[in-house]
2 protein chains.
Amino acid sequence: MAVKHDEVKTKDRILKAAIEEFIDHGFDGARTQAIADRANVNKAMLHYYYASKENMYEQAINTVVTAIIDKFGKIPAVQPQIEDRIGSVMDVYVDIFTDYADYFKIVIYEAMRGGRILKKVLLSNNLLHNINIRNFIKYFDDQVSSGKVRKVDKVQLFMSIVTQMLPVFIAGQILNEVVDVFGVKKAIAEKFIKGRKKFVLDLIMNGIRIK
Amino acid sequence: MAVKHDEVKTKDRILKAAIEEFIDHGFDGARTQAIADRANVNKAMLHYYYASKENMYEQAINTVVTAIIDKFGKIPAVQPQIEDRIGSVMDVYVDIFTDYADYFKIVIYEAMRGGRILKKVLLSNNLLHNINIRNFIKYFDDQVSSGKVRKVDKVQLFMSIVTQMLPVFIAGQILNEVVDVFGVKKAIAEKFIKGRKKFVLDLIMNGIRIK
DNA sequence: TTTCAGTTTAACCATTTGGTTAAATATATC
DNA sequence: GATATATTTAACCAAATGGTTAAACTGAAA
């Protein structure tokens with residue numbers, strides 16, 4: 001077997017280039033020639049290693065989805081204070097919405113085209129066991145039992161935590177445009193994002209009503 | 001002038017068809033032939049009335065953005081109870097995320113491609129005066145003054161209200177897939193969406209802490 | 001009924017796109 | 001160095017795509 005030993009293997013360079021191209025343009029907007037250029041290889045190499053654009057896309061989705069879901073395992077399982085626990089969930093999502101924003105963007109692109117590939121990837125590789133909302137629910141039940149917090153729907157609460165962190169992702173994508181269009185000062189917008197976690201944590205714990 | 005009087009004018013049929021095609025496939029995935037088929041016209045008619053795919057796309061974005069922004073004007077300006085006021089904001093967004101979900105999808109597609117056209121459309125037609133977050137802020141300030149609610153960042157609060165309604169949109173796009181992939185029962189998922197507004201309103205007002 | 005601007009059609013076109021192939025080149029093993 | 005296998009390249013291809021054109025058709029006004 002005549003195996004070449006490059007610094008980074010051609011096959012991997014192509015996949016990385018493909019992911020970048022899909023991030024920027026989605027499946028339909030991506031061009032195989034552009035992927036070849038990004039990877040600095042002849043276009044025929046894409047066919048050699050991945051056979052088709054669609055197959056390359058599936059590998060790309062698999063890679064990014066695996067990376068994102070791995071992050072979910074990073075939520076510290078045990079924490080005494082409910083604020084800390086909710087804060088940890090927020091931290092993980094803030095991390096994903098910043099460090100993995102590009103990967104998350106591909107996933108949204110894919111979901112909008114129908115999500116056929118996403119579904120396939122999620123159902124294989126039993127990736128889902130890492131999305132441990134069950135841990136959160138169990139923890140929350142304990143807190144309710146011990147009288148720390150009142151009883152509310154736990155799935156609804158979890159969704160509230162996650163969705164309220166979405167501005168972090170959205171800002172990363174279109175902050176400059178929002179600044180332009182709405183005439184908000186950039187420093188103000190950045191301060192808004194920086195203070196997001198603290199605000200949401202306070203809102204979830206205390207609400208706005210005066211008692 | 002020999003003007004034809006169809007039930008629905010060809011030009012309008014084409015734009016409607018284009019919007020549908022862009023909803024389903026985004027700009028890059030949309031096919032001019034598919035638009036012609038949807039509108040039941042010869043492909044040359046697209047060129048006759050709209051000159052290019054890009055121009056057609058710009059008209060489409062203009063139409064859907066105008067429709068969505070008009071909805072923002074529907075928030076009742078005056079309401080005595082803060083719960084009602086927040087509820088009204090939620091209602092408007094729930095309406096947009098259900099009745100205008102397809103339009104909203106185009107806007108997301110466009111934002112993900114960079115939002116150049118979206119920006120152009122928003123900056124022309126002074127569409128933005130309808131997005132009256134200022135009204136909400138003024139109202140909220142009054143409520144704080146009169147001791148009804150405690151003082152929190154108003155923009156943060158507004159974003160919390162809006163983002164927490166996003167599951168309504170997401171469900172409309174991928175509810176069936178979520179049911180498949182995560183093995184949630186469909187009735188449960190639908191109940192979750194139905195109860196979303198009530199839950200979020202309660203959470204925002206009262207938080208989860210026991211005092 | 002002639003006129004003429006507005007509308008529609010079929011056929012056509014240049015370019016782009018994803019994909020393919022045969023030949024050339026590199027590399028490990030013997 | 002010979003051999004076999006893996007890798008890479010340039011050239012090529014069919015299909016699809018957005019766009020164009022000349023000619024035909026339509027209907028209201030003169």
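Chain letters run A, B, ... following the sequence lines, proteins first, then strands; residues in each count from 1.
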Taking the minimum atom-to-atom distance to the side chain of [X], which one of [options] wins?
X     : options               : result
B/A44 : D/dT9, C/dA10, C/dT8  : C/dA10
B/R31 : D/dG19, D/dT17, C/dT9 : D/dT17
B/H47 : C/dT7, D/dT21, D/dT9  : D/dT21
A/M45 : C/dG19, C/dT9, D/dT9  : D/dT9
A/Y49 : C/dT9, D/dT8, D/dT9   : D/dT8
B/Y48 : D/dA10, C/dT8, C/dT9  : C/dT8

Pair B/D91 + B/K197: basic N to acidic O under 4.0 Å: yes

Would you say C/dT7 has OP1 or OP2 under 4.0 Å from some side-chain N or O of B/T10?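 No, B/T10 has no side-chain N/O under 4.0 Å of OP1/OP2 on C/dT7.
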
For C/dT17 and A/T32 - does any side-chain N or O of the residue sit under 4.0 Å from the phosphate oxygens OP1/OP2?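 Checking A/T32 against C/dT17: no side-chain N or O falls below 4.0 Å of OP1 or OP2.
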
Measure from NZ or CZ of A/K53 to the centre of the six-membered ring of A/F27, then state whether that distance is under 6.0 Å and the direction lies within 45° of the axis. yes

Ring of B/F136, cation from B/K154 - is the NZ or CZ under 6.0 Å from the centre and inside 45° of the axis? no

Between [atom2] of [N] and [atom1] of [X], the distance in whole Å:
X     : N      : atom1 : atom2 : result
B/I14 : C/dT9  : CD1   : P     : 10 Å
B/L46 : D/dT21 : CG    : P     : 16 Å
B/Q33 : D/dT20 : CD    : C1'   : 14 Å
B/D37 : C/dT9  : CG    : C1'   : 14 Å
A/H25 : C/dT17 : NE2   : C1'   : 15 Å
B/N55 : D/dG18 : CG    : P     : 15 Å
A/N42 : C/dT21 : CG    : C1'   : 12 Å

So which one's nearest nucleotide on DNA chain C is more toward 5', B/V41 or A/K53? B/V41

Ring-plane angle category for B/F169 and B/F104, please: parallel below 30°, perpendicular beyond 60°, tilted otherwise.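 Geometry flag for B/F104 against B/F169: perpendicular rings.
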
Can you tell me how the ring of A/Y57 sits relative to the ring of A/F22, calling it parallel under 30°, perpendicular over 60° and tilted otherwise? perpendicular

Determine the contact category for A/A30: base if any of its heavy atoms lies under 4.0 Å from a base atom, sugar-phosphate if only primed atoms, P, OP1 or OP2 are that close, otherwise nothing.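 Here A/A30 touches the backbone only, sparing every base.
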
If you look at every strand shown and take non-hydrogen atoms under 4.0 Å, does B/Y50 touch a base, only sugar-phosphate, or nothing? nothing

Can you find a donor-acceptor pair, distance only, under 3.5 Å between B/K43 side chain and D/dG18 base?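 Yes, the side chain and the base share a sub-3.5 Å donor-acceptor pair.
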
